[in-house]
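Source: prediction; values computed, not measured.
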Amino acid sequence: MKKKLIVILLIILIVIGALGAAAYFVLGGKSEEKSEAKKSIDEIVASSVDVEEITTNLKSDNIIRLAIKLETDSDKSKEELEKRDFQVKDAVISLLADTNANEIEGDKGKEAFKKELKDKLNSYLQEGKVEKVYITSFNLQ
């Protein structure tokens, strides 16, 4: 009876130890990947493209004036995006022409616009991708 109890306790200890070790390696690996993936502010600025201020009409006959900054994943994608500036401006104007003022007001509206713009611009790029869209100036009238 005592031998069975000892064997069961050893098996339980081994299983708990294995689960603990697995959790440590899985969680430890993820946190290291996240810290390596973080860019410094200098790297972000170096791989970003400024889009000059654009003034256009919205679908609701309001006027919007905004400027944006596009963060890319590499120097190659930054260079390509700079060459495609006419397509970037066209994408911004096209998206805004289909947007009502109440759709772009507030955080949710701006976030939806940024996601749509990012997806559209990424469809143009052959080298790399746009990682984030920042609205640096926004005036809705």
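- Of all heavy-atom pairs spanning S94 and K120, the tightest one is CB-NZ, 3.9 Å.
- A distance-only check finds no donor-acceptor pair linking the side chain of D73 to the backbone of G128 [under 3.5 Å].
- In this view, Y124 satisfies the side-chain hydrogen bond (donor to acceptor under 3.5 Å, both in side chains) rule with no residue, not counting sequence neighbours.
- Between the side chain of T72 and the backbone N or O of S47 there is at least one donor-acceptor pair closer than 3.5 Å.
- Under the 4.5 Å side-chain heavy-atom criterion for grouping Ile, Leu, Val, Met, Phe, Trp and Tyr, I93 is connected to V51 within one hydrophobic cluster.
- The CG atom of L140 lies 10.0 Å from the CG atom of L66; values are rounded to the nearest 0.5 Å.
- L96 is listed as a side-chain neighbour of F113, based on a closest heavy-atom distance under 4.5 Å.
- A salt bridge links K39 with E131: at least one charged nitrogen is closer than 4.0 Å to a carboxylate oxygen.
- S77 and S74 make their closest contact through OG-O, 2.9 Å (heavy atoms, listed as atom of the first residue, atom of the second, distance).
- Checked for salt-bridge contact, K83 and E80 miss the test: no charged N lies under 4.0 Å from a carboxylate O.
- The line from CD1 of I16 to CD1 of I11 is 12.0 Å long, rounded to the nearest 0.5 Å.
- Side chain of E79 to backbone of K76: no donor-acceptor contact under 3.5 angstrom is found.
- Cluster membership check: L125 shares its hydrophobic cluster with L117, using side-chain heavy-atom separations under 4.5 Å among Ile, Leu, Val, Met, Phe, Trp and Tyr.
- In this structure, E53 and S137 approach most closely via the heavy-atom pair OE2-OG, 3.4 Å.
- For the atom pair CD1 (I68) and OG1 (T136), the distance works out to 8.0 Å, reported to the nearest 0.5 Å.
- Going from atom CD1 of I64 over to atom CG of N57 covers 10.5 Å, rounded to the nearest 0.5 Å.
- A salt bridge is defined here as a Lys NZ or Arg NE, NH1 or NH2 lying under 4.0 Å from an Asp or Glu carboxylate O, and K69 with D50 meets this definition.
- Checking N102, D98, I104 one by one against N100, the side chain to side chain contact (heavy atoms under 4.5 Å, CB included) holds for a single residue, N102.
- Put simply, CG on N122 and CG on L70 are 9.5 Å apart, with the number rounded to the nearest 0.5 Å.
- Using a distance-only test at 3.5 Å, with no hydrogens or angles considered, a donor-acceptor pair links the side chain of K78 to the main chain of A46.
- Looking only at side-chain heavy atoms (C-beta outward), Q126 and R84 come within less than 4.5 Å of each other.
- Looking only at side-chain heavy atoms (C-beta outward), E52 and K89 come within less than 4.5 Å of each other.
- No salt bridge links K110 with E105; every basic N to acidic carboxylate O contact stays at or beyond 4.0 Å.
- For S60 and N62, the side-chain atoms include at least one donor-acceptor pair closer than 3.5 Å.
- The line from CG of L5 to CG of L9 is 4.5 Å long, rounded to the nearest 0.5 Å.
- Checked options V130, L81, I54, V49; the residue passing with V88 is L81 (criterion: side chain to side chain contact (heavy atoms under 4.5 Å, CB included)).
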Under the side chain to side chain contact (heavy atoms under 4.5 Å, CB included) criterion, do N139 and Q141 qualify, and how do the steps go?
CA-CA 7 Å; N139 187 359; Q141 297 177 347; 3.6 Å; yes

